[in-house]
2 protein chains.
Amino acid sequence: MRLIVAKCSAIYSGRLDTVLPEALRLIMVKEDGSILIHADSGGYKPLNWMTPPTVIEQEGEPPQRIVVRKHAGRSEDRLEIILAEVLSDVTHDMGSPEEDAGLAKDGVEAHLQELLAERPQHCGDGLRLVRREWPTDIGPVDLMCRDAEDEWVAVEIKRIATIESVEQITRYLERLRTDPQFASCRGVLAAQSFKPQARVLAQSRGIDCVEVDLAVLRGEREPELRLFAT
Amino acid sequence: MRLIVAKCSAIYSGRLDTVLPEALRLIMVKEDGSILIHADSGGYKPLNWMTPPTVIEQEGEPPQRIVVRKHAGRSEDRLEIILAEVLSDVTHDMGSPEEDAGLAKDGVEAHLQELLAERPQHCGDGLRLVRREWPTDIGPVDLMCRDAEDEWVAVEIKRIATIESVEQITRYLERLRTDPQFASCRGVLAAQSFKPQARVLAQSRGIDCVEVDLAVLRGEREPELRLFAT
DNA sequence: CACTACATGTCGACT
DNA sequence: AGTCGACGTGTAGTG
């Protein structure tokens, strides 16, 4: 990884065009061709950047001009950095990427879906899973189930259910119901938490909201129901 | 800006939980309290991060443990970095943020809206602009126009039109049409490019899709129509 | 502090 | 190569 602290300006041309006036900034060049220009504030986002694969050209020593190119679809992305003054330019050998074990995440939507696929009854009484990721021509339904009366039930799973989540399952239901087989398909929105407005909209559209708890699903805690059901 | 190159591991707990195993990485601490952990590959995104406002505690000199806290709504976000070995730890004074003139962008949605406001006929034959950012109680309609027959036309502008864009203009139309005055208001989705599924959904809802070209709008290139219209 | 919509969103998965 | 949906999305604007 190369870290350059320099007074620099930059011009980007690609999906849009930007001009970055001259100031003191950090230029980060990664082993894989990533390049990021960060100011000393502004949080998460770099001012300018280019993701790999890139071609990086440097002029001058110390560098006076760095041009980064990227083949993006039909046209080309281009980032030109003009370095007026280099205060620091160091390269650190940070070892092979394999040594850098990846970030492990816990609690994302995929986990929720796995757990609910194993325990569909948490999405509604008597539900049985027919298929995960049931395909429709506007995207897959997270879980397709049948209920105790053998009626179809489409389940959409979210970490946080928003008004947009309701729109999404509504689209699926609309689409599914054009097929007579699914004419009476119900919808269930399952989430760890619900925005109040999402609940209201879902209710007005006859979509059930089911609040699920990761800990309960994992059996770390048993829901009250189980105490009686077993 | 402080740049620490160190063999480190990290634990994040907040919106979800993550564990980052030990490896050599860059820890960037900005003047405003931002903190980013970057690997030597992986492009744009930091492995872990925290955006301001944050409280940063450091233990040891050289640092052995850095804990970043952030008050996030009800609960607290927490990022703990364990530094096994510090290879470099430098701080650069990069001047006041005011010296860092901002990034100037050209070609974002706002520009498209300006240009279409000046040339509404590009959104549909005979369209005349009545108002930009027409307010409704669920958000502003980008352009409100009338067509040759004096019918109302609501225009939603996007750089790239997605299913979500169709949902957005659908919500506006639903709302507008509750007012008898706009009962027959049409909808137009204008964008530089359309996702196929967006086109399908729009068509099924009677919303017109109009592909616009920035260069044409700017008059850098003239559309064929003009050659005959003038 | 809420909700909304934009972003060079990025990123991964799948076709 | 193109499309789709999740993301600790981040970020700005508004009420």
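The model shown is predicted, which means the values in this text are computed figures rather than measured ones.
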Could you report the tightest heavy-atom contact between B:Gln58 and B:Pro63, atom names first, then the distance?
NE2-CB, 3.4 Å
Just compare C:dA5, D:dG5, C:dT8 and give me whichever is closest to any side-chain atom of A:Gln168.
D:dG5
Report yes if a side-chain nitrogen or oxygen of B:Tyr172 is closer than 4.0 Å to either non-bridging phosphate oxygen (OP1 or OP2) of C:dA5; otherwise report no.
yes
D:dA6 P sits how many Å from A:Glu114 CD, rounded?
15 Å
Base, sugar-phosphate or nothing for B:Pro196? Non-hydrogen atoms, less than 4.0 Å.
sugar-phosphate
When you measure from the centre of the six-membered ring of B:Trp152, is the NZ or CZ of B:Arg146 closer than 6.0 Å and no more than 45° off the axis?
yes
If each of B:Asp77 and B:Lys195 is mapped to the nucleotide of DNA chain D with the nearest heavy atom, which maps nearer the 5' terminus, i.e. the 5' end?
B:Lys195
Separation of B:Glu167 atom CD from C:dT4 atom P, in whole Å?
14 Å
Is it the case that more than 12 heavy atoms not belonging to A:Gln203 sit under 6.0 Å from its CD atom?
no
So, do A:Leu129 and A:Cys145 sit near enough that their side-chain heavy atoms are less than 4.5 Å apart?
yes
Please check if atom NZ in B:Lys7 has more than 12 non-hydrogen atoms from other residues, nucleotides or ligands closer than 6.0 Å.
no
What nucleic acid atoms does A:Tyr12 come within less than 4.0 Å of, heavy atoms only: base, sugar-phosphate, or nothing?
base
Between D:dC7, D:dG8, C:dC6, which nucleotide has the shortest distance from any of its atoms to the side chain of B:Leu16?
D:dG8
Spacing of the C1' atoms in C:dA7 and C:dC11 (rounded, Å):
14 Å
Can you find a pair of side-chain heavy atoms, one from B:Ser165 and one from B:Lys195, that are under 4.5 Å apart?
no
The correct set of residues in residues 48-57 of chain A placing a heavy atom under 4.0 Å from DNA chain C is A:Asn48, A:Trp49, A:Thr51
What is the distance, rounded to the nearest whole Å, between atom CG of A:Leu112 and atom C1' of D:dA6?
13 Å
Which comes earlier along DNA chain C counting from the 5' end, the contact point of B:Gly42 or that of B:Ile157, where each point is its nearest nucleotide?
B:Ile157
Give a yes/no on whether any side-chain N or O of B:Arg171 is located under 4.0 angstrom from OP1 or OP2 of C:dC3.
no
Output, in order, the C-alpha distance, side-chain angles, deciding distance and verdict of side chain to side chain contact (heavy atoms under 4.5 Å, CB included) for B:His122 and B:Val216.
CA-CA 10 Å; B:His122 282 263; B:Val216 169; 3.8 Å; yes
Base, sugar-phosphate or nothing for A:Asp17? Non-hydrogen atoms, less than 4.0 Å.
nothing
With rounding to the closest Å, how many angstrom separate the P atoms on C:dT4 and C:dT8?
22 Å
Using a strict threshold of under 4.0 Å (side-chain N to carboxylate O), is an ion pair present between A:Glu167 and A:Arg205?
yes
Has B:Gln197 got a side-chain N or O lying under 4.0 Å from the OP1 or OP2 atom of D:dT3?
no
Whole-Å gap separating C1' (C:dC1) and NE2 (B:His71)
10 Å
Just how far, in rounded Å, is P of C:dC11 from CG of B:Leu47?
11 Å
Could you check how far CG of B:Asp142 sits from P of C:dT4, rounded to whole Å?
16 Å
Rounded to the Å, how far apart are B:Glu156 CD and C:dC6 P?
6 Å
So what does A:Glu164 hit on the nucleic acid, given a heavy-atom distance under 4.0 Å: a base, only sugar-phosphate, or nothing?
nothing
Using a strict 4.0 Å threshold on nitrogen-to-oxygen distance, state whether B:Arg199 and B:Glu211 make a salt bridge.
yes
When rounded to whole Å, the NE2 to P distance for the pair A:His38 and C:dT8 reads 14 Å
Side-chain N or O of A:Lys105 closer than 4.0 Å to phosphate OP1/OP2 of D:dG8
yes
Report yes if a side-chain nitrogen or oxygen of A:Lys45 is closer than 4.0 Å to either non-bridging phosphate oxygen (OP1 or OP2) of C:dA7; otherwise report no.
no
According to a strict under-4.0 Å criterion, is A:Arg15 in side-chain N/O contact with OP1 or OP2 of C:dT10?
yes
